[in-house]
Amino acid sequence: MASNKSWSFVAVASSAILMTMLAVTARADGALQYDFYNATCPGVEDLVRAELKAKFAADVTLPAALLRLHFHDCFVRGCDASIMLKSHNGTSEQDADPNSTVRGYEAIEDIKAKIEATCPLIVSCADIMAMAARDAVYFSEGPDYQVETGRRDGNVSILEEALQFLPPSDGNVTVLTQFFAVQNLTMKDMVVLSGAHTLGIAHCPSFSKRLYNFTGAGDVDPTMDPAYAKNLATVCSTPADNVASVQPLDPVSPAKFDTGYYQSIYAHQALLQSDAALLEDSLTGAYVQLMNNATYLDTFFADFAVAMINMGRAGVRTGVDGEIRDTCGVYID
Ligand code: HEM
Ligand SMILES: *[C@@H]1O[C@H](CO)[C@@H](O)[C@H](O)[C@H]1NC(C)=O
Ligand SMILES: *[C@@H]1O[C@H](CO)[C@@H](O)[C@H](O)[C@H]1NC(C)=O
Ligand SMILES: *[C@@H]1O[C@H](CO)[C@@H](O)[C@H](O)[C@H]1NC(C)=O
Ligand SMILES: *[C@@H]1O[C@H](CO)[C@@H](O)[C@H](O)[C@H]1NC(C)=O
Ligand SMILES: *[C@@H]1O[C@H](CO)[C@@H](O)[C@H](O)[C@H]1NC(C)=O
Ligand SMILES: *[C@@H]1O[C@H](CO)[C@@H](O)[C@H](O)[C@H]1NC(C)=O
Ligand SMILES: *[C@@H]1O[C@H](CO)[C@@H](O)[C@H](O)[C@H]1NC(C)=O
Ligand SMILES: CC(=O)N[C@H]1CO[C@H](CO)[C@@H](O)[C@@H]1O
């Protein structure tokens with residue numbers, strides 16, 4: 001259970017100093033910076049936002065897809081758009097099982113084409129994906145934060161690396177923290193970024209084990225609210241079928257970026273095992289408990305902005321490293 005030995009003070013402080021932090025964190029090492037395209041492609045962030053506004057109006061499920069796309073890109077070979085690369089023989093990141101439900105590739109490609117028309121070979125696909133994740137949060141009533149830009153794209157994409165670096169949905173806090181540490185992200189970044197699950201859905205195979213055969217004894221995950229489990233079981237009627245059926249990751253408010261995700265976890269109504277696990281550890285549990293209190297919405301917003309900027313720095317290529325292509329989803333073989 002969640003203890004009070006918590007990050008509450010850290011969290012509250014971070015809210016107050018967010019604006020200051022955003023103002024002073026331009027990288028001294030010249031890696032990434034705010035407004036990288038200011039001179040070379042002025043207005044590019046406005047263009048991305050305008051394109052996405054229209055796309056999100058046409059498809060309310062797209063914000064969640066684009067937020068997840070940036071995460072799956074960053075955790076494998078860094079935020080270098082390697083997840084966009086395609087393979088004829090089924091060996092790129094896209095072909096890995098955890099990516100089977102990743103969506104939004106076409107939206108990124110459409111926006112890239114629009115940008116190429118005015119700023120050819122200037123703006124990386126990886127930066128467009130970072131902007132799109134930010135705009136996904138913004139248009140879902142979440143925080144608006146400034147993204148760092150200046151990433152360049154990779155041209156290597158390897159299926160096995162997606163399996164190696166994407167965190168497992170049945171991982172406990174120790175395991176999840178290790179996957180984030182590989183990306184230079186902290187345990188706090190982990191519990192905060194998991195809050196992205198305030199948007200979007202999961203397919204039955206991502207959680208049905210919890211409903212039917214949790215320990216192999218035909219049991220239900222004992223940490224799950226029995227009524228919620230029973231309800232889910234009506235949608236995912238057997239462990240094996242209903243592959244296409246989906247459930248909201250945040251049943252409290254599925255399309256709104258808020259702390260409903262943490263409230264769901266606190267009520268033992270987390271959909272994924274990795275979400276439920278956050279309540280079992282004293283530190284992450286304390287954060288869940290804090291965010292169960294609606295008073296801390298602004299604190300979550302501030303924490304999320306900081307954590308997204310941290311994630312957006314993972315393994316980036318800058319300067320003359322990497323490339324700027326005219327198309328994001330080229331074939332690597
Ligand atoms: C902590 C480790 C994480 C695990 C184990 C995890 C796992 C998953 C799984 C299993 C799904 C459902 C896939 C499906 O069944 O279709 C999902 C969906 C999603 N994830 Fe995560 N995730 C993690 C962290 C993150 C992070 C850091 C972000 C973004 C910052 C993120 C954003 C999303 C979003 C937005 C969706 C919904 C996608 C949609 O509606 O299409 N996740 N995640
Ligand atoms: C963008 O560039 C213009 C002219 O080069 C400059 O006046 C402006 O301050 C720059 N803005 C930022 C945010 O760097
Ligand atoms: C977390 O999971 C790992 C791998 O399954 C296991 O070795 C470890 O004991 C677990 N830790 C806790 C605290 O449950
Ligand atoms: C439950 O899991 C056990 C152990 O993995 C397996 O032997 C059994 O067949 C499973 N039962 C069902 C109904 O899938
Ligand atoms: C929520 O947090 C505020 C500020 O710390 C506190 O005054 C209030 O009692 C908390 N509410 C609940 C339900 O815990
Ligand atoms: C993590 O930080 C180290 C030291 O600064 C750096 O060498 C490494 O590339 C970073 N890893 C990622 C994935 O960003
Ligand atoms: C991949 O990018 C590197 C630079 O990062 C470049 O040297 C190499 O020629 C590129 N390979 C292909 C196949 O485009
Ligand atoms: C797929 O194509 C790549 C590049 O041409 C090659 O290295 C790899 O062996 C191929 N894999 C399979 C399974 O055909
Ligand atoms: C978009 C895409 O290529 N998805 C693939 C993800 O991986 C699964 C299985 O590993 C494939 O069946 C999907 O086609």
Side-chain angles (χ1 to χ4, degrees), residues 1-4 6-16 25 27-32 70-83 93 126 130 148 150-152 154 156 158 161-162 164-187 189-191 193 209-210 214-216 221-223 252 258-260 262-263 265-267 272-303 307-319 321-322:
M1 271 294 113
S3 87
N4 272 325
S6 77
W7 283 317
S8 350
F9 304 111
V10 179
V12 172
S14 72
S15 177
T25 47
R27 304 297 299 277
D29 58 12
L32 295 178
H70 180 49
F71 158 54
H72 279 223
D73 181 38
C74 291
F75 267 54
V76 187
R77 273 188 181 264
C79 315
D80 71 341
S82 54
I83 196 171
E93 288 170 32
E148 294 181 329
R151 298 171 190 79
R152 288 165 64 88
V156 175
I158 300 169
E161 290 183 345
Q164 184 183 348
F165 291 107
L166 291 170
S169 63
D170 62 355
N172 60 33
V173 166
T174 310
V175 167
L176 296 174
T177 302
Q178 281 164 358
F179 274 82
F180 278 67
V182 169
Q183 310 298 336
N184 294 337
L185 295 169
T186 64
M187 188 194 229
D189 289 324
M190 189 273 288
V191 66
L193 288 168
K209 183 179 166 229
R210 301 184 72 202
F214 187 60
T215 64
D221 183 339
T223 68
V252 172
D258 58 14
T259 44
Y262 296 105
Q263 291 161 18
I265 296 176
Y266 196 73
L272 303 180
Q273 200 179 327
S274 58
D275 297 327
L278 299 177
L279 195 56
E280 304 300 315
D281 172 89
S282 63
L283 280 173
T284 57
Y287 193 83
V288 170
Q289 187 176 9
L290 188 72
M291 290 307 146
N292 184 57
N293 183 334
T295 308
Y296 292 98
L297 181 68
D298 289 345
T299 302
F300 172 54
F301 280 9
D303 288 344
M308 284 295 282
I309 290 167
N310 289 342
M311 185 174 85
R313 290 175 181 169
V316 290
R317 296 169 180 277
T318 57
D321 191 11

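We count ligands from 1, going down the list as the structure has it; atoms in each ligand are counted the same way.
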Asks: So is A314 close enough to ligand 6, meaning a heavy atom under 4.0 angstrom away?
Replies: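 Heavy atoms of A314 do come under 4.0 Å of ligand 6.
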Asks: Which pair of heavy atoms, one from C79 and one from M311, lies closest together, and at what distance?
Replies: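 So the two residues come closest at SG-O, 3.3 Å.
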Asks: For the ring pair Y262 and Y296, is the centre-to-centre distance below 6.0 Å?
Replies: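 Judged by ring-centre distance (under 6.0 Å), Y262 and Y296 do not meet the cut-off.
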Asks: If I compare all heavy atoms of H72 with all of L166, which pair ends up nearest, and what's the gap?
Replies: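 In terms of heavy atoms, the two residues are closest at ND1-CD1, 3.6 Å.
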Asks: Out of L278, D281, T259, which residue meets the side chain to side chain contact (heavy atoms under 4.5 Å, CB included) rule with V288?
Replies: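 Considering L278, D281, T259, a side chain to side chain contact (heavy atoms under 4.5 Å, CB included) with V288 is found only for L278.
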Asks: For G315, take its heavy atoms, then give the atoms of ligand 6 lying under 4.0 Å from any of them.
Replies: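 In order of number, 12 (C), 13 (C), 14 (O).
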Asks: What's the shortest heavy-atom distance between S82 and R77, and which atoms?
Replies: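 In this case the closest contact between S82 and R77 is OG-CB, 3.9 Å.
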Asks: Taking only heavy atoms of V182, which atoms of ligand 6 are found under 4.0 Å from at least one of them?
Replies: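 Those of ligand 6 that fall under 4.0 Å from V182 are 13 (C).
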Asks: Can you find an N or O of N184 that's nearer than 3.5 Å to an N or O of ligand 6?
Replies: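 So ligand 6 has an N or O lying under 3.5 Å from an N or O of N184.
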Asks: Give the protein residues with at least one non-hydrogen atom closer than 4.0 Å to an atom of ligand 3, ordered by chain and number.
Replies: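 Residues N172, T174, V175 each place a heavy atom under 4.0 Å from ligand 3, listed by chain and number.
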Asks: Do side-chain atoms of N184 reach the backbone of A314 as a donor and acceptor pair under 3.5 angstrom?
Replies: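 Not at all, since once roles are kept as given, no pair shorter than 3.5 Å links the two residues.
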Asks: Please confirm whether V316 comes under 4.0 Å of ligand 6, counting heavy atoms of the residue only.
Replies: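 The answer is no, since V316 has no heavy atom less than 4.0 Å from ligand 6.
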Asks: Which residues pass the salt bridge (charged side-chain N to carboxylate O under 4.0 Å, His left out) test with D189, sequence neighbours left out?
Replies: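 D189 satisfies salt bridge (charged side-chain N to carboxylate O under 4.0 Å, His left out) with no other residue.
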Asks: Are any of the side-chain heavy atoms of M291 and T299 separated by less than 4.5 Å?
Replies: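 Result yes, sub-4.5 Å side-chain heavy-atom pair found.
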